[in-house]
Each structure stands twice: as structure tokens, then as C-alpha cells.
Amino acid sequence: MSHTDRVVVLVDMDCFYCQVEENLNLSLKGKPLAVVQYNAWKGGGIIAVNYAARDRGVTRHMRGDEAKQKCPEIELVQVPNVRGKADLTKYREAGKLVANVLQSFTGLLERASVDEAYLDITEAVAQRRDSSKGEIQLNQIKNTHVAASTNMDFLYNLYSSGLCDENNLKLAYGAVIVEEIRAAVFEQTGYTCSAGIAHNKILAKLACGLNKPNKQTILTNDNVQQLFENLPVQKIRSLGGKFGASLSEDLGVATMGELSKVSEKELRKRYDEKTASFLFNIARGIDLEPVKTRLVSKSIGCCKTFPGKNALLTAESITHWVHELAEEISERLQKDFEENNRKAKQISIVFSQEVNGKDVSNSRVHPLTSHDVEKIAQDTFGVIKKNCMKPNGSFCVKYLGIHASKFEECRKVNAITSFFKVGVAKNERNSVVETKPEDNVLDSTVELDENSSDLIFLNEKDVDGNASKDSISNEIRTEQSDKKESFFLQYFENLRKSKSPVKRDFNTSRILEESVEEEAMPGTSTTEDAEVCEECSESIPVSEMATHKDFHFALKLNQEESLNRKTVAATTTKNKDSGIKPKKRKSHDMPHNSLTKFLKNNYADESIGNVRLCSECNRNIPENEFASHLDYHMAKRIHLEMNPVKSAPISEKNAINSAKKGKKGKTSSGSSKNLTAFFKPVS
DNA sequence: CATTGTCGAAAA
DNA sequence: TTTTCGACA
């Protein structure tokens, strides 16, 4: 086990926010561009600058006005303002998109920020080495640089000099793979990125910054010393701030080369064990920190500053802004729950206030038991009031923040029930928590057919553009499928019309089921009138009866379909035509007789007017169709849950990896567990 | 008045 | 648990 065993990659999107804006408004491409938040004061604060603008001397930390001075033709795009504050949703969504592409190459991926991720591709490199025949050619690393060397020398030393270094060979294969990764990112998202390839995270990060944009850089171990000779210590991650500065000062070292000459003893004298060994190692290019598997953030927060005369002085202004923040965090937590099947158990309320001329900042934690905006807002205000209100009832708050953390995975509920009751399916790709045994237990309302590979929503070319190799062909699509699709369409139509949000139990997330049961109990019914359902004899509120009937309808469809599928499976290989009805469709009163057609009709043409980028499939969707489009993705997830497939929809590479690792994870009856197993750390 | 808004990690 | 630091758009 050596510190050079791993192949670690850092992928960093080029001026990410600018790219996001350019891709949303193609007329911006090629022009100098900066993204600013707010613009009332001196043209707003610049938070991203594209390379055309950098060439003209525009930098971050400038105000919009200064940028205009430097470069009059610069385009300044504003971060959207929602609820009175900058809203970064767009960029988070774009970041997710990228992360999902990266994840298709390895589950051993650690998202470091909205636009950066570390990948450990040691496994993939080993496989590529095994399967590759000849030598790596120059044209396989066209967009690659080698730090402190050249591609020619690098390959020459690998193959022609008799000096072939095992470690460098691994990095070379790493670079070949990263070329592919970056190409995939561009192909699937339209964004360019840069990358660093090295044996550890710190060096990968460093390497990445050496050649930008849209380039990648190998930093071999034997080029570290040369690179470090004149490298300011501040360039090393975690040494860019106060500590790095004090270190430079205290040890009298400006470069990493100088740091490497400081004795271990000297370091231990000045710093604690951990810090000393970190410094000693990194000065030699050694960093043992592993790449962790984390695709989703550990906390979700929002905040706003109120500088100078904007300070909040009254209870009214405080409650106003607390409300705005509570709304945002509630919305984001709810979305996160739907995507990741988890709920935060704690919020921390951060605030700073002016106390006799000085800004003092504090934070307090508070249990989080609901996504309800009012509840969050009231709790938060309570904390602020308690800590910030002066005797005369006034305030002087200059900063407010709410951050949710301590996420816990929610119990999984029966798939079809959860669809109708919660309307949510867990997105397993974003799971980070090891699945508990109970999570895999599905209530047996519907018998799940393990052999099911019928992906109703995944035809030969599904909306994601992925070939769904396991899907049955169109010929054997059943009428049932068509009915079901129509049903889903209708269901979502109804769902949108009846805006009434479903009640959910916050802790179990299966509320609907329980709340319906509760409402069915005599004496506990709400003020609303109820009717007895003919199918199940339960008492159902009138307003929910239509949905409830849909539930029974879908239940039947699913059962019938399950049976049909078995017939199909038994007969298709011999005679495709036997066993099921031809796919002749009756369109009767339904507006569209298949979801595919529906989507084609609605989304195939070029979009006009306002569009939104769908983070799931990276398509520009007309704004007014967006809700419907999201419903489609939800339906697909739900369908996949109801009809688990054996092969997970991820790259073959991962499937092979997983198979190689063997053992547990293969016994699951559903796709969920398999997917979870794929993305566990190698340990 | 003034970068701002988010994240993660670790010290205190 | 609270505060501080470092990072990045």
C-alpha cells in the first residue's frame, strides 16, 4: 500500500456560472461576460467571469461598474432575485447535472462544491490497463498537459526510455479516461471543464488549476519537486488563507520547495501532530486523504446580509426576512426530500448584530420537525428575538441565515402507495446513506415482478436520450401500457388542477397512507364530507375520492400488467405474436394515447419563448410545460420502482466493477438495493 | 453602509 | 454546540 496507488481526479467546471448563463442564452457565447448578484450598488458584485472578460482585465471582486469601465462591451448577467435575495437554484441544478454524468464513471465521487468533484478512478485505470493492447498514443491525450514536462517526454519515458514508471503509467491511463469523462460532460451538459490527474486530492486540485480552461493536467510524482520549487505555499489547498500566511511568516518559507526543507522536528515543534504531518507530507507531494463517496450536500442553507443602513432594526423587518428565508429553505428541503428521500433534523440559525459599534455573529441550533414555512419562520424568529432584541424592543441585525443539517434517511414506503399518497420516489442515485434492512422491505400491496424489464416510459429512445437496452420492443407494448400511460397523464393533470398539497407525516414520510386511514376512522374525520369507497370500504373525503379511485384503477392495471408480462416472457422468444394483443390503440377520449407521443408532440419542436433547463434530462423545456415535464420524470422514477429492473441503469463499467467486487448487494429484489450497493465506498 | 451566498471541516 | 476558517461561484 503506497501513497501512489490511487489515481485521483479533480474536475472543475470553467467559470461555471458564466457557462450556465451562456448556455441559457446562446447569444452571450463568445462575448465577455460576468455574472453579478444584485446591481443596485455599483453594478452588483461579480461572482463569475468568463475567459473573454478575463482577457480584458475583468476579475472577481470587482463591482459591475468597474467591470464596465475595464470592458465597456461586457455583458453583465444578474443572478435571479427571488424573495428579495439572490437565488442560486439554477447553478445548483446545473451542478447536479454535471455530477450525474461524472457519477456514471465511478461511484467513488466526492462533490466538493457546486461545480467541483473528486473522483477516484483507480479501478477504472486498472481495467483499462488490462484491456488495452498497445501503447497510449499522443492523440489519446490531446487536451492533456503534463505539469513541468511535455506530453512527448512523458510518453517517451513511459515507453521508449526503459524508464517506464508504473505510477506514471497509471496516471497516463487516468488521463485517457479523463479525456473521455470530460468529453461526456460536454456532450451531455454542454459545459466545459478542466481536470487534474494525480495520485491524491491535493495534487489533483493543484494540477487542475495549471491549465485552464477546457484542459486537463497530469501531475506525476516525479515532477512534484520541480513544480514545487517556485510554487507559493498559498497555492496548496487549505494553505490559501490565514494559516498559510502565518505559516509562511513563521517558518520564513514562501514556496513549497522551501517548506520541504523544513525538518520534521521543526514542524512538530510548532504545530500539532496532525498539522505537522500534513505539512511534512504535502511538501513531498504526499496526501493520504481518501476520496469520499458523497454526491449530495450535508447541509442546506440560505442567508442574507444587511450591511450598513440596511440593518434590520424592527421586529417587523426581522419577521419579513425570516419568512423569506424560511420559504426558501422549506422549498429546498422539500425538493431535497423528494430527490434524496431524507429529512434534516436540525436547523441552525445564524445571525450577526451590531453591538456597540462591532459586528458580533452567533448561531443557535433548533430541532427541525416540519417543512412548514410558518413553523420554521416562527421558531427562527423566536431565536432571533431571544438573542437580538434590545430592552426597548428594537434590533440591529446585519446578517440572517438558516441552515438545515443532520439529515436522516426516510423509511421507504410501498412504491405504488407512495406514488399516490406521497407522489414521491426516492432517487437512489443520490443516496449516500447505507440502506438499512428495513428500507428494502416493500409492503406487498402489489406483487413486484422481478423479471420485469418492461419500461413503459423508456422506449427505444427515451427522453433522456439513453438507449434502454432492456426495454421490451414496441411490438409487445400492451394495451395495458397505453391505458396506464393515459392514466398517468390524467393523474398528473388532476394533480396539477387540484393544487391541494397532500399531508405527509414528517417523520415517517408515509403520511398519506396514515392520514387517510386516520381520516377514515370514525370521529377523526375532518370537517369535509366523506364517502365510502366501493372498492375498499374506506371512508374517503369527497375531494380525494377521484384520486382514490385512480389509485384502485392503477392497482388493477399494475396487477394485470404483471400477469401479462409473465406471459410475454414465456412466449416472446418463440413467437413474438402470441400471448398478447396487438398494439392497436384506442385513443377514445384521452388527449394522447401514449406518453411517448405526448412528449414528442409537446417537447420535440424547438422551443420558443422562455425555456427552462431540466436538470434530469438536460433539455430545454418551455416554461409553461415545465411542471408537466417534471411529472414525467416523477412518473418514470415511480414506474422504475414499481417495475424493478435487474440491470441498473448505469454504465457497464460500473456494473463490471460491482460484479468484480462480488459478494453482497446482488441479492436484492429491487433495483434500489443494487444501486445503493454500486455506490458504496470500496472500503 | 458594502461582496454575497453557500458549503465542509475542525477547533474551541 | 458554537465559532472560525477555507473554499468557490
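The figures here come from the full heavy-atom set of this structure, side chains too, leaving out hydrogens, waters and symmetry mates. Here is the naming used below: chain letters follow the sequence lines, and residue numbers restart at 1 for every chain.
- The phosphate of B:dT6 has neither OP1 nor OP2 within less than 4.0 Å of any side-chain N or O from A:Ser113.
- Side-chain N/O atoms of A:Thr192 and A:Asp14 include a donor and acceptor closer than 3.5 Å.
- The shortest distance between side-chain heavy atoms of A:Phe186 and A:Asn214 does not fall below 4.5 Å.
- Nucleic acid contact class of A:Lys242 (heavy atoms, under 4.0 Å, all strands): sugar-phosphate only.
- For the pair A:Asp359 CG and B:dT3 C1', the interatomic distance rounds to 15 Å; values are reported in whole Å.
- Residue contacts for A:Tyr91: at a heavy-atom cut-off of 4.0 Å it reaches no nucleic acid atom on any strand shown.
- Taking atom NZ on A:Lys85 and atom P on B:dT4, their separation rounds to 13 Å, with Å as the unit.
- Between the CD1 atom of A:Ile47 and the C1' atom of B:dG5 there is a distance of 8 Å, rounded to whole Å.
- Closest of all the heavy-atom pairs between A:Ala67 and A:Ile46 is CB-CD1, 3.5 Å.
- If you check every strand for non-hydrogen atoms under 4.0 Å, A:His403 touches nothing.
- Closest to the A:Glu116 side chain, of the nucleotides C:dC8, B:dG8, C:dA9, is C:dC8.
- If you check every strand for non-hydrogen atoms under 4.0 Å, A:Ser238 touches sugar and phosphate atoms only.
- To the nearest 0.5 Å, the span separating CD on A:Glu408 from CD on A:Gln346 amounts to 10.5 Å.
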Which pairs, protein N/O on one side and nucleotides 9-12 of chain B N/O on the other, fall under 3.5 Å?
| unit_1 | atom_1 | unit_2 | atom_2 | d |
| --- | --- | --- | --- | --- |
| B:dA9 | OP2 | A:Lys298 | NZ | 2.9 |

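- A:Asn340 contributes atom CG, which lies 11.0 Å from atom CG of A:Leu333 (distance to the nearest 0.5 angstrom).
- For A:Arg364 and C:dT1, the shortest distance from a side-chain N or O to OP1 or OP2 is not below 4.0 Å.
- For A:Lys304, a side-chain nitrogen or oxygen approaches OP1 or OP2 of B:dG5 to under 4.0 Å.
- Here A:Glu21 lies out of heavy-atom contact (under 4.0 Å) with every strand.
- Atom pair A:Gln78:CD and B:dT4:C1' shows a separation of 13 Å (rounding to whole Å applied).
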Side-chain donor-acceptor contacts of residues 302-311 of chain A below 3.5 Å, not counting sequence neighbours, with atom names and distances?
| unit_1 | atom_1 | unit_2 | atom_2 | d |
| --- | --- | --- | --- | --- |
| A:Lys304 | NZ | A:Tyr38 | OH | 3.2 |

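- Taking only side-chain nitrogens and oxygens, A:Gln346 comes nearer than 4.0 Å to OP1 or OP2 of C:dT1.
- Checking A:Glu328 against A:Asn310, the closest nucleotide of DNA chain B that is more toward the 5' end is the one next to A:Asn310.
- The base of C:dA9 sits with one of its N or O atoms less than 3.5 Å from a complementary donor or acceptor on the side chain of A:Arg60.
- Relative orientation of the A:Tyr17 and A:Tyr91 rings is parallel, given thresholds of 30° and 60° on the angle between their planes.
- Between A:Ile347 atom CD1 and C:dT1 atom C1' the separation is 15 Å, expressed in whole Å.
- To the nearest angstrom, P of B:dT6 lies 8 Å from CG of A:Asp87.
- The structure places NZ of A:Lys269 at 10.0 Å from CG of A:Leu267, a figure rounded to the nearest 0.5 Å.
- Within a 6.0 Å sphere centred on CD of A:Glu249, other residues, nucleotides and ligands contribute 12 heavy atoms or fewer.
- If you measure from atom OH of A:Tyr17 to atom P of B:dT6, you get 9 Å, rounded to the nearest angstrom.
- Closest to the A:Val365 side chain, of the nucleotides B:dT3, C:dT1, C:dA7, is C:dT1.
- Nucleotide B:dT6 holds its C1' atom 11 Å from the CD1 atom of A:Ile329, rounded to whole Å.
- Among the atoms of the strands shown, only primed sugar atoms or phosphate atoms (P, OP1, OP2) are found under 4.0 Å from some heavy atom of A:Cys302.
- How far SG of A:Cys388 is from CG of A:Leu312: 10.0 Å, rounded to the nearest 0.5 Å.
- To the nearest 0.5 Å, atoms NZ (A:Lys398) and CG (A:Asp359) are separated by 4.5 Å.
- If you check every strand for non-hydrogen atoms under 4.0 Å, A:Lys205 touches sugar and phosphate atoms only.
- For B:dC7, the OP1/OP2 oxygens have a side-chain nitrogen or oxygen of A:Arg332 closer than 4.0 Å.
- In the region residues 37-45 of chain A, proximity to DNA chain B at under 4.0 angstrom, judged on heavy atoms, holds for A:Gln37, A:Tyr38, A:Trp41.
- Comparing A:Gly308 and A:Tyr399 by the nucleotide of DNA chain B that holds the closest heavy atom to each, the one mapping nearer the 5' end is A:Gly308.
- Only the P atoms considered, C:dA9 is 25 Å distant from B:dA2, to the nearest whole Å.
- Phosphate contact (OP1/OP2 of B:dT6, side-chain N/O of A:Arg92, threshold under 4.0 Å): present.
- As judged by a 4.0 angstrom heavy-atom cut-off over every strand, A:Val114 is placed among residues making no nucleic acid contact.
- In this structure a side-chain-to-backbone donor-acceptor pair under 3.5 Å is present from A:Asn50 to A:Lys31.
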